[in-house]
Amino acid sequence: MTLKLYNTLTKQKESFKPRDAGKVSMYVCGPTTYNFIHLGNARPLIVFDTVRRYLEYRGFEVNYVQNFTDIDDKIINRALEEKTDALSLAAKYIEEYFRDSRALGVREATVHPKVSEHIPEIIEMIKGLIAKGYAYVVEGDVYYSVKKFAGYGKLSGRSLDDMQAGARVEVDERKQDPMDFALWKSAKPGEPSWNSPWGPGRPGWHIECSVMSLTYLGESFDIHGGGFDLIFPHHENEIAQSEAYSDGRPVARYWMHNGFITVNQEKMSKSLGNFFTVREILAKYNPEVVRFFMLSTHYRSPLDFHDGKLEESQKALERLKNTLASVEAVLKGWPGPHPGQDDLTPLSQAGKEAAARFQEAMDDDFNTALAAAALFELAREINTYISNLKGQALSLEDGAALDQARGTLLRLGKVLGLFEQTQVIAAGDDGLTDGLMELIISIRQEARVNKDWATADKIRDELGKLGVVMEDTPQGVRWKRRN
RNA sequence: GGCGGCGUGGCGAAGUGGUAACGCAACGGUCUGCAAAACCGAUAUCCGUCGGUUCGAUUCCGACCGCCGCCUCCA
């Protein structure tokens, strides 16, 4: 089986063949850091982090680059409001960004380059574009001439004529064509700026990605990712810049774009004001719940958000965690695997099938929803197996089978970024909690032996009010914190 | 106006040219002192509407209806 992915450029699924055998170079557009990220911003983070994890699972070595736009108009304006300077404001929100992304289980990229630290390279590329005749200077600004680039519009599937008909933006008279865009913007008084051959100023929005991807990944790297709304104009312009600069050689081999998070079917965006920050959501939900929610729909489809969705994801995820906890409990006292105990039971088969289905799903353009189904199917097999033990003593074979199945479930879940942060076993945060719980459980068990149901139930009910769930399973008493 | 996407059981969501995964909810049963968890079982004659192609379409084609996105900063 080969990995297939949908390429926005060709509008079809293609077999993935990396530029360099065994290695994947990947660039994902990062945030403009002028405030906290919201759930919509988090989708590409989680989606492409999962893509990366799966590529690694498939044995590729992944070089993952995600930039920070730490200088632009929004940052400058925000800095003025907060009476600080642009770069320190950006630095602050880069910190905040990492707090959120880490919480969501998003691994750090191999490199996180910042625009402000690549000004010389940016100036170089702009000079090159001017030299090749693709850009022109007007009063300290530099513009890219879209008409000079024959392939303009190939990613977004539109022609310059169509767009001009629909354009309703104020046209800057100094531009040769209304669609021309800025590579370099001259600084107004008081604005942060860098010296350049065209006078003090700062880079336009699009040039940074061309420069950074080229710097860190080279020409024709493998995967370029981002949200749907970046297709035009950002990625279109990036192609125009990079390919003009490198004499027509493609920027990236595959372009991937994730769909939006919507609220009441409308795009979640800062301008509409219908957004939820990652920060506020994580105050209420386990990060893995958010992750599971994001991955329960295919990445290219829109994903509608409301609290009920997270509740549902939470319960679904709990099912998986309950299974892991059950295995854990059953395996208590099991001496460990012995050689030669593979493939002894139907459960081993089930594990293999689940892994195969998982891979097949992920190979098909990262179908995480289908991949998750494989997890649930395996969980049911495990539960059934445990259920059939009926509390009897565990044989070595049973132990081996369960241990193996559990390993598969964990391994596959981790590709989706699940089961990493929360302890699978419902356990406390320190030894004290565990010790106290053991004590409480033994007292309650005594009451149960004495058929003192009132006391037993009171303990369970009161613990419930404190957020601790107690279950009397055939494998013994189990407790966990709710959520 | 141009370009693109979506419409599957109560909800969410996969999917296939030969009659529909998975999760949540609800229902019946098993287990349990009772619960919870878990297991078993029945639930979509049907995949927006209308046509067409086909032996056969939810899946292909066309029209229509509805919703959404991009074309301007936006993940």
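Chain naming here is simple, since letters A, B, ... match the order of the sequence lines and numbering starts at 1 in each. Computed over heavy atoms, backbone and side chain alike; hydrogens, waters and symmetry mates excluded.
The nearest whole Å value for the distance from the CG atom in A/L416 to the C1' atom in B/G23 is 14 Å. Atom pair A/L230:CG and B/C74:P shows a separation of 7 Å (rounding to whole Å applied). Atom CD of A/E318 is separated from atom P of B/A38 by 9 Å (rounded to the nearest Å). Rounded to whole Å, the distance from CE on A/M362 to P on B/A21 is 22 Å. Between the P atom of B/G4 and the CZ atom of A/F228 lies a distance of 13 Å, rounded to the nearest Å. To the nearest angstrom, P of B/G15 lies 9 Å from CG of A/D365.
With hydrogens and angles ignored, no donor-acceptor pair closer than 3.5 Å exists between the side chain of A/D161 and the base of B/G2. A/R357 contributes no side-chain N or O that forms a donor-acceptor pair with the base of B/C22 under 3.5 Å. No hydrogens or angles were tested; on distance alone, a donor-acceptor pair under 3.5 Å links the side chain of A/K267 to the base of B/C74. Between the side chain of A/D472 and the base of B/C34, at least one donor-acceptor pair of N or O atoms lies under 3.5 Å. The base of B/G23 sits within donor-acceptor range of the side chain of A/E312, with an N or O pair under 3.5 Å. Scanning atom types as modelled, one donor and one acceptor separated by under 3.5 angstrom connect the side chain of A/R460 and the base of B/A35.
Salt bridge status for A/R460 with A/D457: present, with a side-chain N to carboxylate O gap under 4.0 Å. Taking the charged nitrogens against the carboxylate oxygens, A/R357 and A/E377 do have a contact shorter than 4.0 Å, which makes a salt bridge. Note on A/K13 versus A/D364: salt bridge recorded, some NZ/NE/NH1/NH2 to OD/OE distance being below 4.0 Å. Salt-bridge formation is detected for the pair A/D49/A/R53: a Lys NZ or Arg NE/NH1/NH2 atom is positioned less than 4.0 Å from an Asp or Glu carboxylate oxygen.
In this structure, A/G259 reaches the bases: a heavy-atom distance under 4.0 Å links it to at least one base atom across the strands shown. In this structure, A/H298 reaches the sugar-phosphate backbone alone: every heavy-atom distance under 4.0 Å involves primed, P, OP1 or OP2 atoms, never a base. Residue contacts shown for A/N383 are limited to sugar-phosphate atoms, with no base heavy atom under 4.0 Å away.
A distance of 6.5 Å separates CD1 of A/I37 from OH of A/Y97, quoted to the nearest 0.5 Å.
Checking A/T323 against A/A316, the closest nucleotide of RNA chain B that is more toward the 5' end is the one next to A/A316. Both A/M268 and A/R158 sit near RNA chain B, but only A/R158 has its closest nucleotide nearer the 5' end.
Between the side-chain ring of A/F376 and the base of B/G23, no stacking contact exists by the 5.5 Å and 30° definition.
Relative to the six-membered ring of A/Y34, A/R78 misses at least one condition, a distance below 6.0 Å or an angle of at most 45° to the axis. With a 6.0 Å cutoff to the six-membered ring centre and a 45° limit on the axis angle, A/R43 does not count as a cation-pi contact of A/F260.
Secondary-structure stems of RNA chain B, taken as three or more successive Watson-Crick or G-U wobble pairs (i with j, i+1 with j-1) under a 3.5 Å distance threshold, comprise B:1-7 with B:65-71, B:10-12 with B:22-24, B:27-30 with B:38-41, B:48-52 with B:60-64.
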